[in-house]
Structure formats: C-alpha cells, structure tokens
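For reference, the structure discussed in these notes is given below.
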Amino acid sequence: NAGVTQTPKFRILKIGQSMTLQCTQDMNHNYMYWYRQDPGMGLKLIYYSVGAGITDKGEVPNGYNVSRSTTEDFPLRLELAAPSQTSVYFCASSQGTATINEQFFGPGTRLTVL
Amino acid sequence: GNSVTQMEGPVTLSEEAFLTINCTYTATGYPSLFWYVQYPGEGLQLLLKATKADDKGSNKGFEATYRKETTSFHLEKGSVQVSDSAVYFCAFISNFGNEKLTFGTGTRLTIIP
C-alpha cells in the first residue's frame, strides 16, 4: 500500500502559467480532499470529493479546479497561476465522512509562483 | 465564525520533560476534535481524536480530553522523546456534514537530548 501519493514534490511556475497537481490513493477511499498550507498557518480546504463524479467547493476554491473521474485520482488544476497561490498543497483521502473517519495525507507539493 | 486557537511555538523542551500544548476552539454544535502531527518532510498524520464531551483520545503516550465547558482539547505527554519533534495541529470538524476540517496554525515542537 503506497497510501496517498502526490506529484510533483516541488514546482516553480511563472505568473499566468497553468499546471495540474496529481493525487492518487490506493486505499479505495471514497472521500478525497485538497488543502493548502501557507507559512505559519493551518491547512485550508480547497475542494473535496465524496465519490467519483462528485466534487464540492471548500473554503478557498477560487483559482482552482478539480475533477474526479475515478475513485483513485483527484487532480487539482491551476489555470492562471498567481503569486498568492504560492503554498504547500496536500491531498488527503478517507474511508468516509471526515466527521468520524481519519484522513490520510500525502507528502505534499511545494509550489512557488514567481 | 469557527476557529481554532492553539499555543504559538516554537516550543523547545528537554527529553523526558512534560509537554502541554493548549488548544481552544470556537464552533457551533458538538464538533469532533483532532490532533494531527506533521513530521519533517511528511504529510499530516492523525495522532488522536475525541468525538464527544469528556472523551479522552490517546496514542503514543499523548493524551487529550474533550472539555466542552471550556471548549478546549489540550495535548499532553508525560515524558517527551527526541522522536516527538514535529509540528502539531489541533483541528475540529462540525458534525453537520460539510467535510470542512478547521485547523489551528500549528505548534512546532523541538526536543533536545
């Protein structure tokens, strides 16, 4: 079991460029999440999904898009990168609702937008 | 609105010292409470949780008790080790089903031999 994997580990983007952060889990979890972690701050929820074909906005969705075509994959798309999107991005998954189920996190992607 | 306030770091302790990291929350209803730990270069891992008032979560020698009257969930460990050096996050989720974990800003803990 690899758990939750994320690629790439690091990326530098220029303003206006686009990219996709990849997230894959092999635990057959229905729920998946994307968070961002800014320096000295807690994590903030960007988007989440409760199953293939279903996505919903979190606390800070502006500037991002997601899709969930399979149970395993939950990519995060940045269309027009801005310096405010410089952050560490974490993907997570859980068996069911986060109210009672543990979330398993990937190792993160450190993104810098210059 | 909903928020978590936890002890600001960094916190530096000697090995075998007693640890307390304070955490208080502001939430509606009866949230579930969590402590997550982030070791260097890794993602967050669930350390312990409590889902109702007076529950005590425990794991790896760490404990925290859900105190509804003081809206607190302080993390404690009787004797810390060098391997406990990490960043600790207090978090909660409302039981109204919106899937949004609210995190504190994290407390960096360093244990020196």
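Labels below follow one simple rule: chain letters A, B, ... track the order of the sequence lines, proteins then strands, and each chain is numbered from 1.
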_Whether over 12 other heavy atoms sit under 6.0 Å from A:Q17 CD_ = yes

*Evaluate the side-chain proximity of A:Y35 to B:L44: yes if any heavy-atom separation is below 4.5 Å, no if none is.*
no

*Do the side chains of A:I46 and B:F89 join up, straight or via other hydrophobic residues, at under 4.5 Å, putting them in one cluster?*
no

*Would you say A:K57 has more than 12 foreign heavy atoms packed within less than 6.0 Å of its NZ?*
no

*If you measure from OG1 on B:T105 to CG on A:L43, what distance do you get to the nearest 0.5 Å?*
11.5 Å

*Would you say A:L76 and A:L45 are hydrophobically clustered, going by side-chain heavy atoms of ILVMFWY under 4.5 Å?*
no

_Verify same cluster id: B:V80, B:V37 (apolar side-chain graph, 4.5 Å)_ = yes

_Region of A:Q103 that comes under 4.5 Å of a non-hydrogen atom in chain B_ = both

*Measure the CG-CG distance between B:L46 and A:N101 for me, rounded to the nearest 0.5 Å.*
10.5 Å

*Just give me the residue among A:Q37, A:R110, A:K44 that pairs up with chain B most often, heavy atom to heavy atom, under 4.5 Å.*
A:Q37

*ILVMFWY network linking A:F104 to B:L47, side-chain heavy atoms under 4.5 angstrom*: no

*asked:* Given heavy-atom pairs under 4.5 angstrom as the criterion, report whether the side chain, backbone, both or neither of B:Y36 touches chain A.
replied: side chain

*Atom CD1 of B:I93 and atom OG1 of A:T97: how far apart are they, to the nearest 0.5 Å?*
5.5 Å

_B:Q38 portion near chain A, given a 4.5 angstrom heavy-atom threshold_ = side chain

